[in-house]
Every structure is written in C-alpha cells, then in structure tokens.
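This report refers to the structure that appears directly beneath it.
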Amino acid sequence: MREAFRLAADFFKIKQSLLLLWTGVFAFLVGANMRVDAVAFAFTVLSIFLTVIGTTGFNMVLDADIDSKMFRTRNRPIPSGRLDKKRGSLLSLAVLVPGLLLALMVNAWVFVAGVLGFLIDILLYTYLLKRRSPFSTVFGGFAGGMPALGGWAGATGSPGIPGILLLLLVAIWSNVHIWTLATYYVEDYKRAGVPMLPVVKGERAGVLGSLVALLLVAAVTTGIWAVGVLSLVGLVVSLAVLALPVSYLVKALRSGEYGKWSYKAFKTVNMFMGAVFLLMVLK
Ligand code: HEM
Ligand SMILES: CC(C)=CCC/C(C)=C/CC/C(C)=C/COP(=O)(O)OP(=O)(O)O
C-alpha cells in the first residue's frame, strides 16, 4: 500500500501539484471575500486537484523518454519501470475526466480554466515547445496560472481583472521557477536535449532571464495590491520576500557560481508563491 502511495506521489509530482492547488484554494477564498459557499468551494478545490494531477500524469507519460536521460528524473515511475505508459495514461484520464466534470458543475469558467490548463501544459508546452524553444516556459507558465484563475472564478463566477492578475502572477513566476532550476541542472537538460534558456543561451542568460521575470513578478504583485486584493502590508512583505532570490541572483552574476545561487533562488521563489497567496487571504 505504501509503495502505491509513493508511486502516485511521484507520478503526480505531488509537491508541485500541492502548491498549484494552494494557489487555487487561496484564489477562491480571496474571491469569495471569506463568504464561502461550502459546496462550490469543495467542488472547485477537488476539481483543481484532480485536473492538475491528471494533467501532470499525461506530462509524465509524454516526457518518459527525456526523463530517462536526466539524472533528476530517471527514477520516476515510468522511466524506472514501476509504471507503464498505458496504465499511466489510464490513471491520468481516470482523474482528469472527473476533475473536469466537477469543474463544469461549479461553473463554465472553472471548466475553461481546467481545459486550458490541460491544453497549454500538454499540447503547447510538453508536446510542441519544451523540446524546441528556450522560451517554452513563457507559454507553459499560463498552464500553471490556471488553478488560480479557476479558484477565483469558482468563487466569483467569472475571471475578472483580479483573476487575470493572479493568472499572470503565476504564469510569470513560473519562468523564475524553472529558469533558476534549469540553470542549476543545465548539464542534465543538455544531456536530455531539452533547450531550456540556460542550455541555449548559457547559465548567465538563465540568471538574467530569472532576474527580469522576478522584476515582472514584483510589478504584477504591485498590481494585485492596486486592485485591492493584497493589503499594503501584504505587498511590503511580498516584495521583501522577493528581495531574497533577487539578492541570490545578483550574487550569481557577481560570483559566476550560477548553479549554486540559482538553486537557492529556486527554493526561495517557491516560498514566495506560497506566501503571496496566503497574504492575500490575510488581507
Ligand atoms: C512552465 C511551468 C512549470 C515548469 C516547467 C515547472 C517545472 C518544475 C520542475 C522541473 C521541478 C523539479 C521537479 C523535480 O525534479 O522533482 C518543479 C518542482 C516544483 N514545482 Fe514546478 N514547474 C512549473 C510550474 C509550477 C507552478 C505554477 C507551481 C506552483 C504554483 C510549481 C510548483 C513546484 C513545486 C512546489 C516544486 C517542488 C519544489 C521542490 O522540490 O522544492 N511549478 N517544477
Ligand atoms: C488547471 C490545470 C489543469 C492546470 C495545469 C497546471 C500544471 C500541471 C502546470 C504544470 C506546469 C508545467 C508545464 C510543468 C511541466 O514541468 P516539466 O515537465 O518541464 O518538469 P519535469 O522536467 O520535472 O518533468
């Protein structure tokens, strides 16, 4: 039984999926302005969880060949032989379809967010761009923003300006998230032939790209404060948290130790994502 759970946690990338869910949960709570319709909340949260893990499962099936070439990913369920592609696809379908049906029961926008999340992640990012473009994550990031849009729409009935800003926040943040990680794992990505930014343009470009994206994240965070979704205290704390990865990336540029400081930035950038949504709810 434990092995089955371990297998599912690995196959569904549980740490990533839980932070994606976190953005959806808190986007709903902020949109509901704490007047939460329990059924809509439950259905929206369950829908986001199921569509996110279902989408992740299909990404795992499609990426099995490159996952077997990277040290970071070669022990994953399919490349390690713990799960075959057919069962992986069926398992992913078995959670994705109920997730989308649940979304439809909340409202059409939650359903649209789920479908767009799946299509952008699987078709645009995984199938079309990841193996071809150093800017794949600029587009793939919008898949990552769909849980936040879906959560907001689950509570309010439509995307709205704040919902779009939350989508943008996560979409832009995704580039820092992956470019810092890909700078750290640049040799691994080279081995698998995945043209991430630092592979194609060098580690320094990976750090510079991450810095530019971080500054855009700060700008969108300020926009979220301007539309009244984040308090001034929340904005100040969010920007203070962002200052940490910025300082790490500046250290990377000064020292030339791109991998070491990029990994530190990666870890703190993940913390920022969790913190900023929590701060919105605390408003
Ligand atoms: C284009 C979009 C994205 C790409 C390409 C991407 C890629 C990755 C990769 C390669 C890892 C390392 C996985 C491993 O080696 O186990 C990772 C981990 C993770 N991702 Fe993403 N991700 C994206 C979007 C997101 C989004 C939107 C979120 C949450 C809102 C997120 C949350 C996480 C978390 C929490 C982890 C685990 C971090 C850790 O191990 O400390 N990711 N992601
Ligand atoms: C609402 C909904 C369905 C949203 C979908 C959200 C979602 C699953 C976003 C993940 C973002 C993404 C493209 C990850 C792929 O990473 P990767 O394959 O490059 O990472 P890896 O190298 O670790 O496999």
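Order of appearance sets the numbers: ligands from 1, and atoms from 1 within every ligand. Because only heavy atoms are used, hydrogens play no part in the values below, and waters and symmetry mates are left out as well, while side chains stay in.
- Remark: ligand 1 and K267 share an N or O pair separated by less than 3.5 Å (distance only, no angle test).
- Atom numbering of ligand 1 starts at 1 in the shown order; those under 4.0 Å from a heavy atom of Y125 are 5 (C).
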For this session: Apply salt bridge (Lys or Arg N to Asp or Glu O under 4.0 Å) to the pair E3 and R6, showing each step before the final yes or no.
Result: CA-CA 5 Å; E3 176 49 32; R6 180 101 192 93; over 6 Å; no
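- Those atoms of ligand 1 that come under 4.0 Å of a heavy atom in V170, given as number and element, are 27 (C).
- Linking ILVMFWY side-chain heavy atoms closer than 4.5 Å, directly or via other members, places L278 and V25 in a single hydrophobic cluster.
- Taking the six-membered ring for Trp and thresholds of 30 and 60 degrees, F118 and F58 have ring planes more than 60 degrees apart, a perpendicular arrangement.
- Shortest contact from atom 26 (C) of ligand 1 to any protein heavy atom: W173 CZ3, 3.4 Å.
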Distances for all N or O pairs of ligand 2 and the protein under 3.5 Å?
{"residue": "ligand 2", "atom": "18 (O)", "partner": "N59", "partner atom": "OD1", "Å": "3.2"}
{"residue": "ligand 2", "atom": "18 (O)", "partner": "N59", "partner atom": "ND2", "Å": "3.1"}
{"residue": "ligand 2", "atom": "18 (O)", "partner": "D63", "partner atom": "OD2", "Å": "3.3"}
{"residue": "ligand 2", "atom": "18 (O)", "partner": "K130", "partner atom": "NZ", "Å": "3.1"}
{"residue": "ligand 2", "atom": "19 (O)", "partner": "Y125", "partner atom": "OH", "Å": "2.6"}
{"residue": "ligand 2", "atom": "19 (O)", "partner": "K130", "partner atom": "NZ", "Å": "3.2"}
{"residue": "ligand 2", "atom": "20 (O)", "partner": "K13", "partner atom": "NZ", "Å": "3.1"}
{"residue": "ligand 2", "atom": "22 (O)", "partner": "R72", "partner atom": "NH2", "Å": "2.8"}
{"residue": "ligand 2", "atom": "23 (O)", "partner": "K13", "partner atom": "NZ", "Å": "3.0"}
{"residue": "ligand 2", "atom": "23 (O)", "partner": "R72", "partner atom": "NH1", "Å": "3.0"}
{"residue": "ligand 2", "atom": "23 (O)", "partner": "R76", "partner atom": "NH1", "Å": "3.3"}
{"residue": "ligand 2", "atom": "23 (O)", "partner": "R76", "partner atom": "NH2", "Å": "2.7"}
{"residue": "ligand 2", "atom": "24 (O)", "partner": "R76", "partner atom": "NH1", "Å": "2.7"}

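- Heavy atoms only, all atoms of each residue included: L197 and G206 are closest at CD2-CA, 4.1 Å.
- The side-chain hydrogen bond (donor to acceptor under 3.5 Å, both in side chains) pairs that include a residue from residues 103-121 are D121-T126, where partners are two or more places apart or lie in different chains.
- Atoms of ligand 1 found under 4.0 Å from any heavy atom of G140, numbered from 1 in the order shown, are 1 (C).
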Exercise. Can you list the steps and then say if F111 with V106 is a side chain to side chain contact (heavy atoms under 4.5 Å, CB included)?
Worked result: CA-CA 8 Å; F111 176 74; V106 180; over 6 Å; no
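- In this structure, F26 and W22 have perpendicular ring planes: the angle between them is above 60°, well past the 30° mark.
- A salt bridge links D63 with R131: at least one charged nitrogen is closer than 4.0 Å to a carboxylate oxygen.
- Of all atoms in ligand 1, listed by their number and element, those nearer than 4.0 Å to a heavy atom of R72 are 10 (C), 12 (C), 13 (C), 14 (C), 15 (O).
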For this session: Tell me, with the steps shown, if V207 and W179 meet side chain to side chain contact (heavy atoms under 4.5 Å, CB included).
Result: CA-CA 7 Å; V207 171; W179 285 342; over 6 Å; no
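- Residues forming a salt bridge (charged side-chain N to carboxylate O under 4.0 Å, His left out) with R87 (at least two apart in sequence, or on another chain): D84.
- For ligand 1, the polar-atom distance check against K15 finds a nitrogen or oxygen pair separated by under 3.5 Å.
- Atoms of the protein (N, O or S only) found under 2.8 Å from atom 21 (Fe) of ligand 1 are Q16 OE1, H177 NE2.
- Nearest heavy atoms, F142 versus L167: O-CD1, 3.6 Å.
- For ligand 1, the atoms sitting less than 4.0 Å from at least one non-hydrogen atom of R76 are 13 (C), 14 (C), 16 (O), numbered in the order shown with element in parentheses.
- Using a cutoff of 4.0 Å between basic side-chain nitrogens and carboxylate oxygens, R76 and D67 are scored as salt-bridged.
- Residue Y189 has no N or O atom closer than 3.5 Å to an N or O atom of ligand 1.
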